[in-house]
Undergrad: 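To start, I am sharing the structure in question, which I have written as structure tokens.
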2 protein chains.
Amino acid sequence: MAAGEGDDSATTGSTLGYALLSLLTRGPATGYQLTQQVKAPLGHFWTARHSQIYPELARLSAAGWVDSVEQAGPGPRAKKTYAVTPSGLAALRAWLVIPPTAQPRSEITLKAYAATSADPAAMAALYTDLAERSTRLLAEFAQDAERMRAAGQDDPGHPRFGNYAVLMMGIESQRAVHRWACWLAACLRTGRPAAYGEPAGD
Amino acid sequence: MAAGEGDDSATTGSTLGYALLSLLTRGPATGYQLTQQVKAPLGHFWTARHSQIYPELARLSAAGWVDSVEQAGPGPRAKKTYAVTPSGLAALRAWLVIPPTAQPRSEITLKAYAATSADPAAMAALYTDLAERSTRLLAEFAQDAERMRAAGQDDPGHPRFGNYAVLMMGIESQRAVHRWACWLAACLRTGRPAAYGEPAGD
DNA sequence: GAATCCATGTAAAGTGTTACATGATTGG
DNA sequence: CCAATCATGTAACACTTTACATGGATTC
């Protein structure tokens, strides 16, 4: 430990840092490009704004987990293209196999918890809308999945297999949301216990 | 607007505030009791620590959305039992019918995005563990659901119908996680695209 | 010439976790 | 007597969102 620079294996990263490293394993990118790439398919399960991404890239760079090269940018500042370093990849690999503990947060489920306090018709409309939204998303995701399978991305050996895996989770989640929202809307509309799995006029 | 106190309908609450109001619609409770109650079934989709709950109760009280009565507590401070006020209930009802926009966050899905960067056997073990965990949770949730149905909580007219609705979402979510984790573990174990819906020796 | 995209950053405010701090009561 | 439960709070830190700030290049 001579100068406190370079690959210090004692450094700990944030989840956002590992998310950015994951994105950079697809290839070098600028902060701006990462901001776009985090939108899909990762955005269904993880989001970050540019205001969070730029400082985090600086931290990753200070930790020696990414390298950057500067080019003349369009604006007043230089454009920086980042790439993962070997120590960054090692850190990512170590983080990946740690079982996650974070609990999910779902505002729509929280609202269901208090469903009986609100107007039943308005709440039923909320969950009917949600069911429609999930139908749209499922159609969209199914198309994406078809395209990925055609490109061989459903093979675990493909470098972008992770994109396919995340999309599959999106499909499973939206199927779950759709079934639940249909059931809940039916309950609230009729005012009586509804059976599960019946689309009921959707 | 005379004194700046009482029910000021312009006040805006945080999601946590509405979560606490939702819990209090089940009946008056202390901050400590709310801390316990937020664990299940709501805890599968929303959590909060006591350090967040106590200050939020103070804010709700200042907004006139809850009332509190003090009793002699066991410790150095008085024990406060909170109850929702009519203006608090009105605020909750208004919030409930606003369509939520917050995106869910899932660390386990984020890790899947970078699955190909890690050791396949270690990653397969991670998702096999996840599948086992979801199996355990599903058995637990099924029992809870059975108990609730026996108590008539599956009726939208029951005051605790929301507990049942949240539990149903828990069941749907865990089913989705189970199918996905089994598929992903099979992919990583065999190194080849796996078919969906086959439990594959679980 | 107006809008959008590319591209980078900072500041302030809000939300959430971990740790600190106190003390009575109950059961083993 | 030790541990857990009941019961309430604060402080410091980490994470996230919203808003502020700049300015070139491209397209309508």
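A, B, ... follow the sequence lines: proteins, then strands. Residue 1 opens every chain. Basis for what follows: all heavy atoms, side chains included, without hydrogens, waters or symmetry-related copies.
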Undergrad: What is the separation between atom NZ on B:Lys79 and atom P on D:dG9, rounded to the nearest whole Å?
TA: 13 Å
Undergrad: If I take atom OH in residue B:Tyr82 and atom P in nucleotide D:dA7, what distance separates them, rounded to the nearest angstrom?
TA: 13 Å
Undergrad: Without decimals, in angstroms, what is the distance between B:Arg59 CZ and D:dG9 C1'?
TA: 13 Å
Undergrad: Taking the six-membered ring where the residue is Trp, are the ring centres of A:Trp183 and A:Tyr127 under 6.0 Å apart?
TA: no
Undergrad: Please work out which residues in residues 16-41 of chain A have a non-hydrogen atom less than 4.0 Å from an atom of DNA chain C and list them by number.
TA: A:Thr30, A:Gly31, A:Tyr32
Undergrad: Tell me the bend of the helix from C:dG1-D:dC28 to C:dG28-D:dC1 as the angle between end helix axes, each from five pairs, rounded to the nearest 10 degrees.
TA: 30°
Undergrad: Rounded to the nearest Å, what distance is computed from the CG atom of residue B:Leu60 to the P atom of nucleotide C:dT15?
TA: 12 Å
Undergrad: May I have all residue pairs that pass salt bridge (charged side-chain N to carboxylate O under 4.0 Å, His left out) and include part of residues 141-160 of chain B, sequence neighbours excluded?
TA: B:Asp144-B:Arg147, B:Glu146-B:Arg149
Undergrad: Determine the contact category for A:Ser51: base if any of its heavy atoms lies under 4.0 Å from a base atom, sugar-phosphate if only primed atoms, P, OP1 or OP2 are that close, otherwise nothing.
TA: base
Undergrad: Whole angstrom is fine here: how far is it from NE2 in A:His50 over to C1' in C:dG9?
TA: 7 Å
Undergrad: Do B:Arg26 and A:Tyr113 form a cation-pi contact, if we require the NZ or CZ to be under 6.0 Å from the six-membered ring centre and within 45 degrees of the ring's axis?
TA: yes
Undergrad: Taking the side chain of B:Arg105 as its heavy atoms from C-beta onward, which of D:dT16, C:dT22, C:dG9 lies nearest to it?
TA: D:dT16
Undergrad: Does A:Gly13 or A:Pro76 map to a spot on DNA chain D nearer the 5' end, using the closest nucleotide for each?
TA: A:Gly13
Undergrad: Between C:dT10, D:dA7, C:dG9, which nucleotide has the shortest distance from any of its atoms to the side chain of B:Tyr54?
TA: D:dA7
Undergrad: Looking at CG of B:Asp67 and CG of B:Leu24, how far apart are the two atoms once the value is rounded to the nearest 0.5 Å?
TA: 11.0 Å
Undergrad: Considering only side-chain heavy atoms of B:Arg49, which listed nucleotide, D:dT16, C:dG9, C:dT17, is closest?
TA: C:dT17
Undergrad: Consider the side chain of B:Pro55, meaning its heavy atoms from C-beta on, and name the nucleotide among C:dC6, D:dT10, D:dA19 that approaches it most closely.
TA: D:dT10
Undergrad: Nearest-Å distance, CG (B:Leu57) to P (D:dT8)?
TA: 9 Å
Undergrad: Could you state the atom-to-atom distance from CD of B:Glu56 to P of D:dT8 in whole Å?
TA: 16 Å
Undergrad: Would you compute the distance between atom CZ of B:Phe161 and atom CG of A:Leu188 and round it to the nearest 0.5 angstrom?
TA: 5.5 Å
Undergrad: Take A:Gln52 and A:Gly75, find for each the nucleotide of DNA chain C with the closest heavy atom, and name the residue whose nucleotide sits nearer the 5' end.
TA: A:Gly75
